[in-house]
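Input: a single structure, listed below in structure tokens.
Note on naming: letters A, B, ... go to the chains in the order of the sequence lines (proteins, then strands), and numbering restarts at 1 for each one.
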Amino acid sequence: MSMEKPETSGSYTGLRRTLETLPSLYYRDRLHHDRELRSIWYRHWIYLCRVDAIPQPRAFRTFEIGDQSIVVVRDEGGALRAFHNTCRHRGSILCAASEGILDSDHLICPYHRWTYSLSGALLRTPNVRPAADFDPARHNLYDVALKVWGGFLYVNLAGEEPNAFEAAFDPHPATLENWPLETLAVAHTYRRTLSCNWKIFWENYNECLHCPGVHRELSRLVPIYGRALMSEHDDPDWAAHRDSADPRYRGGLREGALTWSLDGKVHGPQFSTLSEAERRAGFTYLTMLPSMFALGHVDHVRVVSLRPLGPEATELTAQWLIPPEALRSKEFDLANIVDFAVRVLEEDGAACELNQRGLRSRRHESGVLMPPEYELHRFHDWIRRQLDRAGDA
Amino acid sequence: MSMEKPETSGSYTGLRRTLETLPSLYYRDRLHHDRELRSIWYRHWIYLCRVDAIPQPRAFRTFEIGDQSIVVVRDEGGALRAFHNTCRHRGSILCAASEGILDSDHLICPYHRWTYSLSGALLRTPNVRPAADFDPARHNLYDVALKVWGGFLYVNLAGEEPNAFEAAFDPHPATLENWPLETLAVAHTYRRTLSCNWKIFWENYNECLHCPGVHRELSRLVPIYGRALMSEHDDPDWAAHRDSADPRYRGGLREGALTWSLDGKVHGPQFSTLSEAERRAGFTYLTMLPSMFALGHVDHVRVVSLRPLGPEATELTAQWLIPPEALRSKEFDLANIVDFAVRVLEEDGAACELNQRGLRSRRHESGVLMPPEYELHRFHDWIRRQLDRAGDA
Amino acid sequence: MSMEKPETSGSYTGLRRTLETLPSLYYRDRLHHDRELRSIWYRHWIYLCRVDAIPQPRAFRTFEIGDQSIVVVRDEGGALRAFHNTCRHRGSILCAASEGILDSDHLICPYHRWTYSLSGALLRTPNVRPAADFDPARHNLYDVALKVWGGFLYVNLAGEEPNAFEAAFDPHPATLENWPLETLAVAHTYRRTLSCNWKIFWENYNECLHCPGVHRELSRLVPIYGRALMSEHDDPDWAAHRDSADPRYRGGLREGALTWSLDGKVHGPQFSTLSEAERRAGFTYLTMLPSMFALGHVDHVRVVSLRPLGPEATELTAQWLIPPEALRSKEFDLANIVDFAVRVLEEDGAACELNQRGLRSRRHESGVLMPPEYELHRFHDWIRRQLDRAGDA
């Protein structure tokens, strides 16, 4: 998805027809929202946190996805496990705290002390001898598929046969293979609740038509954004500038800038493993619908993630990842990168909230897409496919 | 509607049978409420504000009717225009502020800068060249019908073929033709949210059975109200008093009173254009369902308007209109007229809230109407007709 | 229901098969909750208050059951009467205050002064002569069945043919016949809103599997609870201890304890009318689904009652009843009994809230019952029967 360059140069990326957006109802209706939870959020890989947020054996964290509570725990062998945060007996929550360290290598229900191994097996039902027909093996915790990639932790609530993990990335996860993702540490976290549907945020992410009007500083840093384009082939007249090296036509950062920061400069170590092209571009996107995207820069990686709180509310989290040694360095200027991106996020958040408010009009059954909104169209098609597949409406 | 005198003297106005009210469900149920929004509030002429609240070219205000946001703007030629406050592109809200002055003679969407003339025509889609099949003329703002009468501004969300405007008044708008409505200025505004369905307020407005118990001072000022009657023919025994000049039988203000005020007196100019009968009556009602009524007095006009906030919440606004020269006069005693009517409104509001609370009883499927509640019956019939016509349930 | 001893000794009480609980949906879904209000709360006898809370003629109190407001008033002859708190005219609430003393021996609607006798008969419709077809006898207040037993006041909203009153108790109301219930006074009231479905509280009440883990002090005071059992025949191996006098096997209070209090001791008068067995047991339960249970001790009676506030919220009230002379005695140590039971109630409340939270998991369609949860199974069967009988879903 999103702002990556098309793989072949030479063809115009824009839409050739005026297409409809999704129906306005999809952004406001509670029943439709429940349908999206079931067909998207409970079926796809969802980013939860960095693995080092659950650093040691017996450490656990709980997460909410829609109205589902998930507990992730690190077992004695260091492996991470995820379960529905629910006891198999009468359905009590298992871990009431949002994070902590278990007292033992068991998950013990606080209500009747049912005791599970950290791989989810029911070990004991204290104080009671079950009836003869009781099969403990059929009362293990409800397990949740879990993957770790690049130090990022994902779960999938689909139960059997979750979607292929690698196919969930757009483009391929190898896009960020030159970044030492596993080794990075969280330098800063920003969190905010947006008064908009989660899809509105992705739509905003998927076009740069709004950039000149909404993001003044970002449009100076990334000159092609100032032309309302994501990349060079979004311009129907791209061929006229095919020999220009000007970032207004080529994409990438403005002359002299190295990273997304207030001054465009780097105050700290740069990743030594990047290619010359990655260094020149200044930023590389990797997307994983519906819950996250990451942006690799020469000195840091930013990951932005979403969680739906309701049809008209979404939790947005951004994290800045840097090498641990930079974290400890005095010269590293964290505010320089954080403040810049927070500004962009807040501009986007405000635009998303305006978009949500206008969708209440009964006359506005749907909107229209302009040629450079080809990624929105792709996103809308993806949404439609998930809903079709789910079937249950 | 309401407290006007019947056009012919000589016949008893009361109901001759005990009739049922609307079902209690109509006052509590969210789905029924949505149906009333669609069949009544989004189909009828709705009062928004005085025209001088949008005084100059480029001035705008936004209003909420149900969950619809409407923007009203005055164009360069001085004409008022109303639109759904929604951009045709991806549905962003156009004017985020509740009021203001535009920077130009355009309405510009804050998200992608789509630019409309003040008559709603799409003029430009900045930063983008639309696809060949894009027809700007099919992407003008969603227009909303607008009327101005007597300095009052009304809109109608019905789209094509809104109801006839004059027929919306009860009785005829000429009822207030002797008042210089266009020239009046707002001297005071009172606003309150009532915890009741909007229809409860109109029911309260449509009978005076509650007057002796609820409005002690009003019942002294208008003696026939003290007899629980709206006008003389509401009394089955009216013929026995046909020759009496006593306002207890005739209606109108008590001896010596001239207007609705704490002392019944006038402290300022009187309208010179009223008829002797209007002057003697002391008040003249004009109603426009579902959103407003106006009450003409010898020295001021009061307009009361409603907006539904949900099945059990209604916003009530009252405005006192007086000649601009009275507004500037030192002798004019505004509190004398405002405080009296606020007292009456607050008594009515408290009664309405008690009525709402009792309607939750499962046993109370509907209530009964007494003979003097003939205007309530007319109101209920009007409601039933709107719902029938809407069809969609 | 609940922790009473089985009437015949000699048979094991536990379930012999692993049974399913009610569906998780029953604890979260608003539509299902409305169905339970209709089929349970509006059909069964519901405990409201002690009769002395409405002490004198003309005293009244209003109560909410689900979304129904009920007024209970004491008439001039001292009899208690209950009505829907709704006027038959246009449905206004009759008594807006939660308690008070009427000005006369009439219930008068605050809106239009319709006047009812304290037995609910419509006496007058002030200010209006009804139409000829109006039959006052068909416009009496909506009456509500009312019973008083042991100084406790109950109502039943079922209208005609409410359930048999005595059959509502479990076991029989005579269970507490040795306690002078009518004469007791309320010494203390505790009230709290629990974030759980009302049935979760009853499930907690109906088993002691949670006792060792949740109630440390109660498990010391009642040693068999420390073994996770409610009574001796809950133990599949009960026969092995049939000759033991140890309260670990027999039930009842620990050696030396007399009542449910912090120190197990009594600081005040004991009821002289109890049997030796009742005295030795230390507590005797009487249950009345869905709204209350009472617990008789040697020095006090505790009554715990519930009111559903929504699918995930329940109001819990506990009252401590003691002889009026103990209330006036200096030596009586109220905190000793109150603090102990509040601790137990708060432990139970916290467990109930954990249980509610975990029920949101989509994987947890229902839970399982262990052998000692036979009373839960009885409770679930009771719920299923009420829902079946109601039919309307």
Does CD belonging to C/Gln56 count more than 12 external heavy atoms closer than 6.0 Å?
-> yes
When rounded to the nearest 0.5 Å, the distance separating CZ of B/Arg357 from SG of C/Cys95 is 10.0 Å
Options B/His364, B/His210, B/Met370, ranked by heavy-atom pairs under 4.5 Å with chain C, top entry = B/His364
Tell me, yes or no, whether the heavy-atom count around C/Glu76 atom CD, taken from other residues, nucleotides or ligands under 6.0 Å, exceeds 12.
-> yes
Is there a donor in the side chain of C/His112 and an acceptor in the side chain of B/Glu373, or the other way round, less than 3.5 Å apart?
-> no
What's the spacing between B/Asn355 CG and C/His89 NE2 if we round to 0.5 Å?
-> 9.0 Å
Hey, are the side chains of C/Arg113 and B/Val214 touching, using non-hydrogen atoms and a 4.5 Å cut-off?
-> no
Can you find a pair of side-chain heavy atoms, one from C/Asn85 and one from B/Ser361, that are under 4.5 Å apart?
-> no
Within 6.0 angstrom of C/Asp103 CG, more than 12 heavy atoms from elsewhere = no
With a 4.5 Å heavy-atom cut-off, do C/Asp143 and B/Arg363 have their side chains touching?
-> yes
Bottom line for B/Asp237: the part with an atom under 4.5 Å from chain C's heavy atoms is side chain
Of all the heavy-atom pairs spanning B/Ser366 and C/Tyr142, show the shortest one and how long it is.
-> O-OH, 4.2 Å
Chain B contact via C/Asp133 - side chain, backbone, both or neither, heavy atoms under 4.5 Å = both
Side chain proximity check, B/Thr18 to C/Pro130, heavy atoms < 4.5 angstrom | no
B/Arg242, CZ: over 12 other non-hydrogen atoms inside 6.0 angstrom = no
For residues B/Arg17 and C/Phe134, determine if any side-chain heavy atom of one lies less than 4.5 Å from a side-chain heavy atom of the other.
-> no
CZ (B/Arg192) with more than 12 external heavy atoms under 6.0 Å = yes
Contacting region of C/Arg90 [heavy-atom separation from chain B under 4.5 Å] = both
Looking only at C/Ala96, C/Ala131, C/Ser92, C/Cys109, most heavy-atom pairs under 4.5 Å shared with chain B are made by C/Ser92
Hey, are the side chains of C/Arg129 and B/Pro236 touching, using non-hydrogen atoms and a 4.5 Å cut-off?
-> yes
Shortest non-hydrogen contact from B/Leu209 to C/Asn127?
-> CD2-O, 3.8 Å
Do you know which of B/Ser24, B/Gly213, B/Pro372, B/Pro212 has the most heavy-atom pairs with chain C at a distance under 4.5 angstrom?
-> B/Pro212
Look at B/Ala350, B/Pro371, B/Gly14, B/Cys352 and state which one has the largest set of heavy-atom pairs under 4.5 Å with chain C.
-> B/Pro371
Against chain B, label C/Cys87 side chain, backbone, both or neither, depending on which of its atoms sit under 4.5 Å from a heavy atom there.
-> backbone
Taking side chain as C-beta onward, heavy atoms only, is B/Asn204 less than 4.5 Å from C/Tyr111?
-> yes
Where B/Gly358 and C/Thr86 come nearest, the two heavy atoms and their spacing = O-OG1, 2.7 Å
Considering heavy atoms only, which positions within residues 60-72 of chain C lie below 4.5 Å of chain B?
-> C/Asp67, C/Gln68
For atom CD of B/Glu365, is the number of surrounding heavy atoms from other residues, nucleotides or ligands below 6.0 Å larger than 12?
-> no
